[in-house]
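All values below come from the heavy atoms of this structure, side chains included, with hydrogens, waters and symmetry mates left out. Numbers restart at 1 for each chain; the letters A, B, ... are given by sequence-line order, proteins then strands.
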Amino acid sequence: MNNADIAQVFEELADLLELRGENAFRVRAYRTGAKAILELNRSVKEILADATTPLQSIAGIGDTLAQKCQTLIETGKLPQLEELRAQTPPVLIQMTRIPGLGAKKAMALQKELNLQSLEELRQACEQHKVRDMKGFGAKSEQQILDGLAIAEQASMRLRIDQAERLVFRLRGHLELCTAIKQLEFAGSYRRGKETVGDVDILVVSDSPTVVMDQLESFPGRLSTIARGDTKMSIRVEAQFQVDLRVVAAESFGAALQYFTGSKEHNVAIRSRARKMGMSVNEYGITNLDGSQPPMYGTTEQELYSKLGLSWIPPELREGRHEIEWAESGASIPDLITVEAILCDLHMHTTESDGSNTIGEMIAAARKRGLKYIAITDHSKRVSMARGLNEERLLKQWEEIDQINATLEGAFRVLKSVECDILEAGPLDIVDEVLAQADWVIASVHYGQKQSRDEITKRIVDALQNPNVDIVAHPTGRLLGTRPPYEVDMEAVIATAAQYSKALELNSSPYRLDLCEQHLIQASAAGVPIAINTDAHSIDGLEVIHYGVLQARRAGLLKSQVLNTWPLEQFLRWCDRG
DNA sequence: GCCGTTTTCGGCCCGACTGTTTTCAGTCG
């Protein structure tokens, strides 16, 4: 059982307890515990073996959860979970995915109608068995029928680039409305999450009705879920949900803070306010004794400041350590920014599967303000991409030498390769050639289905090769389409730390690999991160901002990101021996 | 189930909207 497995167990426990109508705070305690364990930079097993640091010293882990961790490590299972699973019909979990059906209603339906599947629920609705139940009616019966169809599609989340395109369209449509004085997209989109489950729009206006009419006329709208005085929700293509909230100008900051979340961050903010004798809601801050109308809500800065905090970048608002950082006297870390990126260390050209030449990539990179790049075409094993053998590679490097000579120091192209880690373990390019490169990327493209031990050994071995500087897209995941390899990332991060190697954060919105948790763990272990685009064309260089967002979410500092280092510093690191 | 600059017990963020209700529970974010 590794940390991710244990976190998974606690998450499932939380789901099951919630379904059974357990105390909401108990449920939250399990979720908090799961999150805390997922983000640890040591394994629970290791901590348990070390008597000097009890598990209970971790915030969110008390005696009960610590005990359960011990049981899981020792036996690999948890009787409580197995018992709960046995007592809970699987259909209950499925039912709660239907919009409008929560734990209470799902439970009531399942018990009363003795349901075993969603199909039986559909039949019950069609036979009008639901409308006569207490607390239900004809409308909720229809809502369940509609919801059954939606639940099948709506589990989908949008990748950040897809969300960005939807936001662009929504913004264009709403900006036509003159009643809108201010417009901001909030929620997980503003926090820069790799995927978003819905889009949240915040608007300042004196005429909420006019604003809602405008959203109602959005060309992509499929249906309206709810519409009240200040709040409205619609569905667009693929049943994706869009929420709108209209507030007055004096509440814009408080509403933006509230609507940006995360839920955990908001709970932390409001708890803090409470301890200070105040109450925070989306309109502003009031005194708990009601002696003052809502204030300090015009801007987010104002609100945070009243709570003794500096403004917190949205990417950090996940209920981790951001409140401690923002407390008076402390400072928010010097987070990585797009402007601080000086180079791109992973890109392809027409020599392999890219669609632009080296010259075109250089021009595009310089236009973006970069100071140096690495050309990293595929090695020969990737035959589909016309990967380079040793001979072609050496020839390409000669060409790069000539190009660098003409650039006269104004810009630098690094000789490199994205060298495959072959299925059997060795690298696809011989060491004598790799040794002549400025920078070597190793990556896995084949044999992704190998066992945990096999694929971990391949990557760990590659990191130990003195010619290799970094492993690219270390888990191989493709968001929404391909799960990560079975790789043991704890071992990979430990090896990278031990051998002074880097790990990649691949900026492609399809990958964003490493994920947030692994970035947190890698940076805690002192492993430098390279944020690269893996561009296959000049347009591909633009995705860098997705990588930077992901890195900011993990709290990465400029100094921890290779791409911010001036060329000389970077080359010294490459020559570390 | 967790936690403590009042607390080892009694709190735990806060409000909008809907549908089924005659004053509110459930759901959602």
Side-chain angles (χ1 to χ4, degrees), chain A residues 10 13-14 17-19 21-36 55-69 80 95-109 130-144 147 154 186-189 191 196-202 208 212 224-233 241-247 251 254-255 257-286 288 294 297 307-308 319:
Chain A
F10 287 161
L13 269 177
L17 290 169
E18 187 171 33
L19 215 45
E22 263 295 340
N23 180 312
F25 299 107
R26 190 175 167 217
V27 173
R28 188 202 288 170
Y30 277 104
R31 294 203 202 285
T32 307
K35 194 171 158 153
L55 273 178
Q56 285 92 327
S57 62
I58 301 161
I61 305 291
D63 291 342
T64 309
L65 265 62
Q67 183 56 51
K68 291 187 200 297
C69 282
Q80 184 197 8
M95 284 167 73
T96 57
R97 298 207 184 102
I98 297 170
L101 270 196
K104 296 254 165 60
K105 286 187 170 181
M107 195 72 136
L109 282 167
V130 170
R131 62 177 59 186
D132 296 330
M133 285 176 57
K134 184 173 156 57
F136 293 84
K139 276 200 173 171
S140 43
E141 192 175 75
Q142 185 57 45
Q143 206 178 40
I144 292 170
S188 52
Y189 172 76
R191 301 202 310 280
V196 304
D198 60 23
V199 161
D200 301 303
I201 311 170
L202 180 65
M212 291 191 201
T224 297
I225 300 168
R227 178 170 171 165
D229 295 336
T230 64
K231 226 177 123 169
M232 173 174 172
S233 296
Q241 185 169 335
V242 175
D243 296 331
L244 168 72
R245 185 73 183 263
V246 185
V247 298
S251 292
Q257 194 283 324
Y258 151 74
F259 221 17
T260 297
S262 66
K263 194 174 165 185
E264 290 78 10
H265 177 78
N266 286 355
V267 168
I269 286 292
R270 290 171 180 201
S271 300
R272 180 182 175 86
R274 186 159 267 275
K275 281 182 200 137
M276 295 170 76
M278 296 178 280
S279 173
V280 174
N281 60 23
E282 57 262 55
Y283 301 108
I285 299 181
T286 53
L288 277 179
L307 297 175

Inset, instruction - Measure from CZ on A/Arg272 to C1' on B/dT5 and round the result to the nearest Å. - result: 13 Å
Legend entry - Pairwise P distance for B/dA16 and B/dC9, with rounding to whole Å: 37 Å
Inset, instruction - Would you name the heavy atoms of A/Ala29 and A/Leu65 that are closest together and state the gap between them? - result: O-CD2, 4.0 Å
Legend entry - Rounded distance in Å between the P positions of B/dC13 and B/dT18: 26 Å
Legend entry - Rounded distance in Å - CZ (A/Arg26) to P (B/dC9): 20 Å
Inset, instruction - Starting from P on B/dC13, measure out to CE on A/Met276 and report it in whole angstrom. - result: 17 Å
Inset, instruction - For the residue pair A/Gln241 and A/Asp243, confirm or rule out a side-chain donor-acceptor distance under 3.5 Å. - result: yes
Legend entry - Worked verdict on A/Arg245 versus A/Glu282 for salt bridge (Lys or Arg N to Asp or Glu O under 4.0 Å): CA-CA 10 Å; A/Arg245 185 73 183 263; A/Glu282 57 262 55; 2.9 Å; yes
Inset, instruction - For B/dT23 versus B/dT5, give the span between their C1' atoms, rounded off to a whole number of Å. - result: 41 Å
Legend entry - Main-chain N/O of A/Ile269 paired to A/Asn266 side chain as donor or acceptor, under 3.5 Å: no
Inset, instruction - Check A/Thr260 against A/Arg191 and note the closest heavy-atom contact, atom names and distance. - result: O-NH1, 2.7 Å
Inset, instruction - Indicate, with a heavy-atom threshold strictly under 4.0 Å, whether A/Val280 touches base, sugar-phosphate, or nothing. - result: sugar-phosphate
Inset, instruction - Measure from the side chain of A/Phe259, starting at C-beta and using heavy atoms only, and say which of B/dG29, B/dT27, B/dC13 lies closest. - result: B/dG29
Legend entry - Pairwise C1' distance, B/dT21 and B/dA25 [rounded to whole Å]: 9 Å
Inset, instruction - Please state how far atom CE in A/Met278 lies from atom C1' in B/dC14, giving the value in whole angstrom units. - result: 16 Å
Legend entry - Which nucleotide in B/dG29, B/dC2, B/dC12 has an atom nearest any side-chain atom of A/Leu65: B/dC2
Inset, instruction - For the pair A/Ser140 (side chain) and A/Phe136 (backbone), establish whether a donor and an acceptor sit closer than 3.5 Å, ignoring hydrogens and angles. - result: no
Inset, instruction - Give A/Gly60 one of three labels, base, sugar-phosphate or nothing, depending on what nucleic acid heavy atoms sit under 4.0 Å from its own. - result: sugar-phosphate
Inset, instruction - May I ask you to test the A/Ile285-A/Leu307 pair for a side-chain heavy-atom distance under 4.5 Å? - result: yes
Inset, instruction - Return the value, rounded to whole Å, for the distance between atom CZ of A/Phe10 and atom C1' of B/dC2. - result: 13 Å
Inset, instruction - Please lay out, stage by stage, how A/Glu22 and A/Arg28 fare under the test salt bridge (Lys or Arg N to Asp or Glu O under 4.0 Å). - result: CA-CA 10 Å; A/Glu22 263 295 340; A/Arg28 188 202 288 170; over 6 Å; no
Legend entry - Separation of the C1' atoms in B/dT7 and B/dG11, to the nearest angstrom: 9 Å
Inset, instruction - At under 4.0 Å between heavy atoms, which parts of nucleotides 15-21 of chain B does protein reach? Answer with one letter per nucleotide, 5' to 3': B base, S sugar-phosphate only, - none. - result: BSSSSSS
Legend entry - A/Arg31 CZ to B/dC2 P, straight-line distance once rounded to whole Å: 15 Å
Inset, instruction - Check every atom of B/dG1, B/dG29, B/dC14 against the side chain of A/Arg274 and return the nucleotide holding the closest atom. - result: B/dC14
Legend entry - Any donor-acceptor N/O pair, A/Ser262 side chain to A/His265 backbone, under 3.5 Å: yes
Legend entry - Distance in angstrom units between A/Lys263 NZ and B/dC12 C1', rounded: 13 Å
Inset, instruction - May I ask you to evaluate whether A/Arg28 reaches the phosphate of B/dC13, defined as a side-chain N or O under 4.0 Å from OP1 or OP2? - result: yes
Inset, instruction - Give A/Ala59 one of three labels, base, sugar-phosphate or nothing, depending on what nucleic acid heavy atoms sit under 4.0 Å from its own. - result: sugar-phosphate
Inset, instruction - With a 3.5 angstrom cut-off on both distances, give the Watson-Crick or G-U wobble partner of B/dT8, or none if there isn't one. - result: none
Legend entry - Atom pair distance, as rounded to whole Å: CG in A/Leu101 and P in B/dA25: 19 Å
Inset, instruction - For B/dG26 and B/dT20, measure between their C1' atoms and round to the nearest Å. - result: 11 Å
Legend entry - Residue whose closest nucleotide on DNA chain B lies nearer the 5' end, A/Asp198 versus A/Ile58: A/Ile58
Inset, instruction - Take A/Lys275 and A/Lys104, find for each the nucleotide of DNA chain B with the closest heavy atom, and name the residue whose nucleotide sits nearer the 5' end. - result: A/Lys275
Inset, instruction - Quick one: label A/Asn23 by what it contacts on the DNA or RNA (base, sugar-phosphate, nothing), any heavy atom closer than 4.0 Å. - result: base
Legend entry - Interatomic distance at C1', B/dT6 relative to B/dC12, whole Å: 16 Å
Inset, instruction - Just call it for A/Ala103: base, sugar-phosphate, or nothing, with non-hydrogen atoms closer than 4.0 Å on any strand. - result: sugar-phosphate
